[in-house]
Every structure is written in C-alpha cells, then in structure tokens.
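Heavy atoms only: backbone and side chains are in, while hydrogens, waters and symmetry mates are out. Everything numeric here is computed off the predicted structure, so don't read it as measured data.
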Amino acid sequence: MDGGTDILMRGDEAGLGTPADDMTSLAAVHALDVPEKIVACLGFGVDAYHGVNHVQVLENLAALEREGAYLGAFSVSRSTKAGALYLDAVAHAQAELPAYPSIVNGSIAAAVRGEFGDVRFTDRTKGSELFVNPLMAIYFAVDLDALARRSLYLDRLRDTVLMRQVVSVIEAFRDEVTPRPPKAFPH
C-alpha cells in the first residue's frame, strides 16, 4: 500500500517524492516467496508537493500495462461501507493527533467527500497550494514483482540496514542519472 503514487517511480523521473520507505517495503516484499504480490496506490496527485510529476506516473502505469502488470483501478466511495469506515478512521486519527494530521489521508478523505481544489484541513500545508481532486480517491493496482523489476536502483538497496543508508543510496543513484524532464498535462 502506498499513500500517493511515488512507489511507481523507476528512479529516472523528474522527482521521486519520498522513496525511502516505499522502496524498502518494495524490496522486502519482492524478496518474499509468495505466489501473489500486489501494490495498491491511493492518492494520485498528493505527491506533487514532493516533486512527483504525475504525467510520469501515468507513463509508468502505461508501461506496466504494456507488460501486463497493471491490474486496474477502483475508487473509494463514501457511499460504501469501506468508504465510510475510511472517512471515520481518518477523522479519528485527526482527532487523536490534532497537531500532526496526515496530509495524505486528509487530502484523500477530502476527495472522497467530494471536495475540490485548495482544501485546508491543517496548518501543516500553510504556504502551499493543494489540488484535492477525485483522482485522489482511486486505487491503482500493479503486480509488485514487475514493478520491482522496473526500478533502476532497487538492487542497490540489498545491503542497506538503516534508513539513512537507503537515502544515501538513492541520492547517489540520482547523481548518476539524467532525470527525464517533467511534463505538463496536455489538456
């Protein structure tokens, strides 16, 4: 599971978001000997603040589709039991941690409620412009092993133990590549 879509980044995109946690999880599950492994991402667009270019997310999903590794999408609807429970869980978490609410889950919950644009639910996003939209409520599912094989640097994380080592490996990799230029949505 990924809150956002930065787990779908190969490593040569304009921005990677916050890849350290995602890539350690991806590497760990990729190493497991189980018959079915799926990555599900929720929160399309929420990673823009961390430099993810969402046209490149769509390019990566298209490449996974060409490989037969894109498994489809489904949405969280507030009219379903699961959607209502998700909204309740986010509200509960925000009430329990009012000084540090999750920006990712708050944005997704706002999208599930039908809110749009620069929706404010925390002072933590002060000074930035949010773009809450219906695409944030869509899960994208992909085959985990295929996604792991597409990563340009996942193999370099094999001997890391600490998160700062993971971050250093990713930074070193980024110094070696010329990132693909970001693209704007054409419409």
Taken to the nearest 0.5 Å, the spacing of Leu87 CG from His92 NE2 works out to 14.5 Å
To the nearest 0.5 Å, what is the distance between CD1 (Ile7) and OG1 (Thr18)? 10.5 Å
In this structure, would Met163 and Ile170 fall into the same cluster of hydrophobic residues linked by side-chain contacts under 4.5 Å? yes
Applying a strict under-4.5 Å side-chain criterion to I, L, V, M, F, W and Y, I'd like to know whether Val167 and Leu157 cluster together. no
Mind checking the CG-CD spacing from Asp12 to Glu176? Nearest 0.5 Å is all I need. 13.0 Å
Using only atom types and a distance under 3.5 Å, with no angle test, would you say the side chain of Thr80 pairs donor to acceptor with the backbone of Gly83? yes
Verify the neighbour count for atom CG of Asp159: are there more than 12 heavy atoms of other residues, nucleotides or ligands below 6.0 Å? no
Any side-chain to backbone donor/acceptor pair from Arg158 onto Ala27? Under 3.5 Å, distance only. no
Any idea which heavy atoms bring Glu115 and Val132 closest together, and the distance? O-CG1, 3.5 Å
Quick check: do Pro179 and Arg174 have side-chain heavy atoms less than 4.5 Å from each other? yes
Over all heavy atoms of both residues, which pair between Ala141 and Ile38 is shortest? Give the atoms and the distance, please. CB-CG2, 4.2 Å
For residues Gln94 and Pro101, report the shortest heavy-atom separation together with the two atoms involved. CG-CB, 3.8 Å
Non-hydrogen side-chain atoms of Tyr153 and Met23 separated by less than 4.5 Å: yes
Rounded to the nearest 0.5 Å, what separation is found between the CZ atom of Arg180 and the CD atom of Glu59? 5.0 Å
Hydrophobic cluster identity match, Ile138 and Val39, side-chain contacts under 4.5 Å: yes
CG on Leu154 to OG1 on Thr24, rounded to 0.5 Å: 9.5 Å
So Asn60 and Arg150, do their side chains get closer than 4.5 Å, heavy atoms only? yes
Should we count CD of Glu36 as having more than 12 external heavy atoms under 6.0 Å? no
Mind checking whether Phe140 and Val52 sit in one hydrophobic cluster, side chains of I, L, V, M, F, W, Y counted as touching below 4.5 Å? yes
Quick one: do Val55 and Leu135 end up in the same hydrophobic cluster if we chain Ile, Leu, Val, Met, Phe, Trp and Tyr together by side-chain heavy atoms under 4.5 Å apart? yes
Between His54 and Phe44, how do the two ring planes meet: parallel, tilted or perpendicular, split at 30° and 60°? perpendicular
Indicate yes or no: at least one non-hydrogen side-chain atom of Phe121 is less than 4.5 angstrom from one of Leu130. yes
Closest non-hydrogen atom pair, Pro19 against Asp6: N-OD2, 4.4 Å
State, yes or no, whether a side-chain contact exists between Leu42 and Ile108 at a heavy-atom distance under 4.5 Å. yes
Quick one: closest heavy-atom pair of Gly4 and Val46, and the distance? CA-CG1, 3.6 Å
Do any pairs count as a salt bridge (charged side-chain N to carboxylate O under 4.0 Å, His left out) and have a residue in residues 122-148, sequence neighbours left out, and if so which ones? Lys37-Asp145
Will you find, in the side chains of Ser77 and Ser79, an N or O donor that is under 3.5 Å from an N or O acceptor? yes
Can you list every salt bridge (charged side-chain N to carboxylate O under 4.0 Å, His left out) pair that touches residues 79-107, not counting sequence neighbours? none
Would you compute the distance between atom NE2 of His50 and atom CD1 of Ile103 and round it to the nearest 0.5 angstrom? 7.0 Å
Test salt bridge (Lys or Arg N to Asp or Glu O under 4.0 Å) on Glu67 and Arg149 and set out the steps. CA-CA 11 Å; Glu67 294 176 19; Arg149 287 189 300 271; 5.7 Å; no
Heavy-atom distance under 4.5 Å between the side chains of Ser102 and Val90, does that happen here? no
Closer than 3.5 angstrom, by distance alone: can the side chain of Asn53 be matched with the main-chain N or O of Ala14 as a donor-acceptor pair? no
Between Val169 and Arg156, what is the shortest heavy-atom contact and its length? CG1-CB, 3.6 Å
Plane angle bin for Phe131 and Phe116 - parallel if under 30°, tilted between 30 and 60°, otherwise perpendicular: perpendicular
